[in-house]
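Everything on this sheet refers to the single structure shown next.
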Amino acid sequence: KTYRKNFTPRGRVYHYALDHVITKHEDDVLDFGCGKDKYWSNRLGAQEYSIDGYDLSIPNCMTEKKYSVILVSNVLNVQETVDQLEDTLDSIMRFAQSGTIIVWNYPSGPRKMSLDMDALHEYVKVAAYDSGYIILTNHLKGDHKGLYVTTLI
């Protein structure tokens, strides 16, 4: 079990994206791995943000839409195998388009694989490249250490 309902409201990916990335009424946002309660997509949708939640735990959760911003909070760190990680990254790229900004994290706990940040970043680059993109990634520092902002070009 990796979903933690009590952690979700404090998710740093969401707070950073709201303060620095997402523009209300302009961005189409996907909360990838939103959890069964869709906490952030429900909360922000009620505030007139254009946001959808996507999670494998939600039956019939399908969308073919492309998004300008994709939020990935505590998803990559809980993949148990390289194959799962690659499949997850491929799924994320399926919702992307040129110019999509992905805000994500790779916390040290829980972490199901022993990949370091450099190795994970290589997997992200390969997934983007396989989908026809190159990437620019900012590794945030200071109060935002552990958060990453990737732009697909």
Side-chain angles (χ1 to χ4, degrees), residues 2-3 7-8 11-45 49-108 110-140 144-153:
T2 57
Y3 176 68
F7 169 80
T8 302
R12 293 174 58 226
V13 164
Y14 305 102
H15 291 283
Y16 180 84
L18 284 169
D19 291 344
H20 302 284
V21 178
I22 299 170
T23 303
K24 188 189 270 191
H25 303 297
E26 290 183 27
D27 286 307
D28 287 319
V29 180
L30 177 65
D31 182 4
F32 185 93
C34 63
K36 62 183 176 151
D37 297 319
K38 297 174 108 179
Y39 176 87
W40 281 100
S41 51
N42 289 336
R43 180 176 178 210
L44 295 178
Y49 285 88
S50 175
I51 184 168
D52 294 323
Y54 177 84
D55 196 277
L56 294 176
S57 69
I58 301 170
N60 302 318
C61 187
M62 298 295 294
T63 182
E64 295 299 321
K65 189 174 174 182
K66 304 292 184 187
Y67 295 87
S68 58
V69 177
I70 301 174
L71 308 176
V72 184
S73 179
N74 294 340
V75 171
L76 302 179
N77 56 304
V78 297
Q79 303 310 302
E80 295 180 349
T81 67
V82 167
D83 287 341
Q84 286 180 354
L85 176 63
E86 290 172 337
D87 288 346
T88 299
L89 290 168
D90 289 344
S91 294
I92 292 167
M93 295 302 159
R94 190 177 81 226
F95 299 111
Q97 59 193 349
S98 184
T100 292
I101 298 172
I102 304 170
V103 182
W104 54 285
N105 67 346
Y106 190 58
S108 57
R111 193 178 281 182
K112 304 285 179 140
M113 290 190 306
S114 60
L115 289 178
D116 64 18
M117 190 54 234
D118 291 335
L120 177 65
H121 192 251
E122 285 303 313
Y123 281 102
V124 172
K125 285 196 313 193
V126 167
Y129 180 79
D130 287 348
S131 295
Y133 305 110
I134 59 170
I135 65 171
L136 301 173
T137 297
N138 292 325
H139 304 255
L140 304 178
H144 306 296
K145 184 178 180 183
L147 297 180
Y148 306 90
V149 178
T150 298
T151 303
L152 301 176
I153 301 170

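Counting begins at 1 with the first residue of the sequence.
Residues Trp40 and Leu18 have side chains in contact (heavy-atom distance under 4.5 Å, counting atoms from C-beta outward). The shortest distance between side-chain heavy atoms of Ser50 and Asp27 does not fall below 4.5 Å. Contact annotation: the side chain of Ile92 approaches that of Val72 to within less than 4.5 Å [non-hydrogen atoms, C-beta and beyond]. For the pair Leu115 and Leu76, the minimum side-chain heavy-atom distance is 4.5 Å or more. No side-chain heavy atom of Thr100 sits less than 4.5 Å from a side-chain heavy atom of Thr151. Within the 4.5 Å cutoff, side-chain heavy atoms of Val82 are placed close to those of Tyr123. Put simply, the side chain of Ile58 reaches to within 4.5 Å of the side chain of Cys34, judged on heavy atoms. Side-chain contact between Leu30 and Leu71 is absent, with no heavy atoms from C-beta onward closer than 4.5 Å.
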Show your working on side chain to side chain donor-acceptor pair (under 3.5 Å) between Asp31 and Ser41 and close with a plain yes or no. CA-CA 7 Å; Asp31 182 4; Ser41 51; 5.0 Å; no
Taking it one step at a time, do Leu147 and Val103 satisfy side-chain contact (heavy atoms from CB on, under 4.5 Å)? CA-CA 7 Å; Leu147 297 180; Val103 182; 5.5 Å; no
Verdict with reasoning, Tyr49 to Val29, per side-chain contact (heavy atoms from CB on, under 4.5 Å): CA-CA 8 Å; Tyr49 285 88; Val29 180; 5.7 Å; no
Set out, in order, the CA-CA distance, both residues' side-chain angles and the distance that settles side-chain contact (heavy atoms from CB on, under 4.5 Å) for Tyr106 and Arg111, then state yes or no. CA-CA 8 Å; Tyr106 190 58; Arg111 193 178 281 182; 3.2 Å; yes
I'd like to know whether Ser68 forms a side chain to side chain donor-acceptor pair (under 3.5 Å) with Asp28, so could you lay out the CA-CA distance, the side-chain angles of the two residues, the decisive distance to 0.1 Å, and finally the verdict. CA-CA 5 Å; Ser68 58; Asp28 287 319; 5.5 Å; no
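Counted by atom type alone, Asp83 and Thr81 present zero donor-acceptor pairs between their side chains at under 3.5 Å. With 3.5 Å as the limit, one finds a donor-acceptor pair spanning the side chains of Trp104 and Thr150.
For residues 69-100, the pairs satisfying ring pair (Phe, Tyr, Trp, His ring centres under 6.0 Å) are Tyr54-Phe95, with sequence neighbours left out.
Nearest heavy atoms, Leu140 versus Tyr16: CD1-CZ, 3.3 Å. Counting all heavy atoms, side chain and backbone alike, Val75 lies closest to Gly33 at CG2-CA, 3.9 Å. Summarising the geometry of Asn77 relative to Pro110, their closest heavy-atom pair is ND2-O, 2.6 Å, with the distance given to 0.1 Å. The minimum heavy-atom distance between Leu152 and Ala128, with the atom names listed, is CD2-CB, 4.0 Å. Taking both residues in full, the closest heavy atoms of Pro107 and Asn74 are given as CG-OD1, 3.0 Å, listed atom of the first, atom of the second, then distance.
Side-chain atoms of Asp55 come within 3.5 Å of backbone atoms of Ser57 as a donor-acceptor pair (strictly under, hydrogens ignored). Between the side chain of Glu122 and the backbone N or O of Asp118, no donor-acceptor pair lies under 3.5 Å.
Residue Asn105 holds its CG atom at 4.5 Å from OG of Ser73, rounded to the nearest 0.5 Å. Expressed to the nearest 0.5 Å, how far OG of Ser108 lies from CE of Met117 amounts to 12.5 Å. Taking NE2 of His144 as the reference point, atom CG of Asn138 lies at 12.0 Å (rounded to 0.5 Å). Between the NZ atom of Lys125 and the CG atom of Leu89 there is a distance of 13.5 Å, given to the nearest 0.5 Å. We find the CD-CE distance between Glu80 and Met113 to be 9.5 Å, quoted to the nearest 0.5 Å. In this structure, OG1 in Thr88 is found 11.5 Å from CE in Met93, a value given to the nearest 0.5 Å.
For the side-chain contact (heavy atoms from CB on, under 4.5 Å) with Val149, the qualifying choice from Ile101, Ile102, Thr137 is Ile101, the only one to do so.
Partners of His121 according to the ring pair (Phe, Tyr, Trp, His ring centres under 6.0 Å) rule, which considers only residues two or more places apart in sequence or in another chain, are His139.
The environment of Lys145 atom NZ is sparse: at most 12 non-hydrogen atoms of other residues, nucleotides or ligands sit within 6.0 angstrom.
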